[in-house]
Amino acid sequence: MAELKSYSADLHIHSKYSAATSNQMDIGSIAAQAKLKGLSIVGTGDIFHPRWLGSVKEELAEVSEGTFEHRDHGTRFILTVEVEDRDRVHHIIIFPSISAVENVREKIARHSKDISSDGRAHLDLSGMEIAEIVASQNCLFGPSHAFTPWTSIYKEFGSFKECYGDRLGAVSFVELGLSADTDMADRIAELSEFTFLSNSDAHSPWPDKLGREFNRLSLAEPTHDEVVKAIKRQDGRQVNLNVGFDPRLGKYHLSACSRCYKQFTMDEAARLRWKCDDCRGWVKKGVWDRINELASYPEPRHPNHRPAYLRIAPLAEVIGLATEEDPHDPEVKSEWEKLVTHFGDEISTLVDATAEALSKVTRPQIVEVIKSFRAGTLRVISGGGGRYGHLEIGPEAVKKSPPKPQRKLTEFIK
């Protein structure tokens with residue numbers, strides 16, 4: 001048997017050709033940021049868009065069928081797309097080749113008005129019909145962010161059978177989404193046979209988006225065929241770790257108003273008929289409450305094949321918390337690049353590097369917040385209604401962090 005190694009993969013992202021996506025989501029930026037993040041494999045996303053497909057063909061070298069590599073940064077890409085069906089359920093498709101992309105696109109193009117203009121095409125097809133088409137081309141297929149209250153399978157349906165019908169066998173995986181984790185999803189009996197994926201759904205290449213959730217895969221080499229074996233759990237290949245948000249940081253974790261973000265219990269929301277009693281906005285049912293509705297068990301029952309789930313927060317957010325700066329601030333980005341360059345990737349920095357090693361690279365207050373993150377003493381303020389949750393520094397980290405230097409009066413007189 002071939003020697004297996006661990007590779008990090010983020011299989012759900014979007015290009016600059018999807019709505020509400022950064023213009024910097026181009027091949028070069030994604031490849032460069034993926035390398036800094038520590039990702040070996042990235043899904044292309046949006047591969048039905050003709051200009052994005054053209055970029056993949058022009059800027060990446062095919063190293064084996066269905067596997068492409070950036071010439072400068074070495075990041076591997078596999079061909080993926082997210083589509084929306086007629087019930088507003090989102091699905092991820094992983095393709096074995098360019099020809100499979102072109103064949104599937106030809107079959108579904110007449111059922112879409114925006115397949116050439118939006119990277120995430122809207123299809124006038126059911127989940128079952130899409131499953132049948134992609135299975136004929138040996139694609140992998142599964143629902144995106146399965147629990148979110150806007151565009152997901154469990155928003156529209158009470159079971160996978162209701163969505164996929166007699167094509168349920170074509171479904172290979174379930175994407176958890178930012179507001180759920182393995183402990184939550186494994187309370188639902190019908191999910192026990194599926195491989196779970198944790199992906200970023202990134203709309204920008206920056207450190208708090210790309211790779212904010214990813215999968216550690218046991219592979220012989222970073223290729224499409226090996227990724228398929230890992231998702232199907234064949235020949236010893238497997239997902240050996242899901243890495244993602246503490247689900248409380250997701251923007252749909254709790255039920256909350258989608259206008260003012262006031263949070264509600266299920267009983268409160270139902271009594272108010274899902275209308276906010278402050279601003280009259282609609283209350284969106286949170287993932288926590290939806291899973292409680294669907295749950296087969298009061299506690300998770302993990303099947304033997306289920307890997308551990310490592311809860312993380314974006315390192316940029318942790319640094320921003322320590323420095324009291326926005327995660328997108330140039331100072332935060334500079335500190336992030338220094339740390340991941342020194343330790344290799346975010347996980348090594350957040351989880352593995354010793355406090356002594358961190359102290360040699362970064363400021364004391366950042367070390368204290370990372371230590372607090374590891375100890376689980378950062379406060380997590382849950383998200384809901386479309387607003388992300390956030391972290392707050394607990395009293396112990398505040399006490400141990402050195403005071404920030406006073407700014408000189410002359411700094412303000414310019």
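These values consider heavy atoms only, across backbone and side chains, with no hydrogens, waters or symmetry-generated copies. All of these numbers come straight from a predicted model, not from anything done at the bench.
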How long is the span from the [atom1] atom in [X] to the [atom2] atom in [Y], to the nearest 0.5 Å?
X: Leu123; Y: Ile130; atom1: CG; atom2: CD1; result: 4.5 Å
X: Trp336; Y: Ile319; atom1: CH2; atom2: CD1; result: 9.0 Å
X: Leu210; Y: Gln24; atom1: CG; atom2: CD; result: 12.5 Å
X: Lys155; Y: Asp87; atom1: NZ; atom2: CG; result: 10.0 Å

Are [X] and [Y] within salt-bridge range, i.e. N to O under 4.0 Å?
X: Arg363; Y: Glu335; value: yes
X: Glu84; Y: Arg120; value: no
X: Lys57; Y: Glu102; value: yes

Any side-chain donor near an acceptor of the partner, [X] and [Y], under 3.5 Å:
X: Arg306; Y: Asn242; value: no
X: Asn215; Y: Ser198; value: yes
X: Asp114; Y: Ser117; value: no
X: Arg216; Y: Ser8; value: yes
X: His302; Y: Asp183; value: yes
X: Thr44; Y: Asp46; value: no
X: Ser192; Y: Arg301; value: no
X: Glu82; Y: His14; value: yes
X: Ser112; Y: Arg105; value: no

Decide yes or no for Val287 and Tyr154: does some side-chain heavy atom of the first lie under 4.5 Å from some side-chain heavy atom of the second? no
I'd like to know if the side chain of Glu175 reaches the main chain of His12, judged simply by a donor and an acceptor atom lying under 3.5 Å from each other, with no hydrogens or angles considered. no
Is there a donor-acceptor contact under 3.5 Å from the side chain of Arg259 to the main chain of Cys257? no
As a test of understanding, state which of Lys232, Arg76, Arg237, Lys5 forms a salt bridge (Lys or Arg N to Asp or Glu O under 4.0 Å) with Glu226. Arg237
Could you go through Arg88 and Glu156, starting from their C-alpha distance and side-chain angles, then the distance that decides it, and tell me whether this counts as salt bridge (charged side-chain N to carboxylate O under 4.0 Å, His left out)? CA-CA 8 Å; Arg88 299 202 69 214; Glu156 296 298 330; over 6 Å; no
How about Tyr164 and Phe157: are their ring centres within less than 6.0 Å of each other? no
Among Leu350, Thr349, Ile366, whose side-chain contact (heavy atoms from CB on, under 4.5 Å) with Leu358 holds? Thr349
Using the side-chain contact (heavy atoms from CB on, under 4.5 Å) definition, which of the options Leu60, Val63, Thr75 pairs with Glu69? Val63
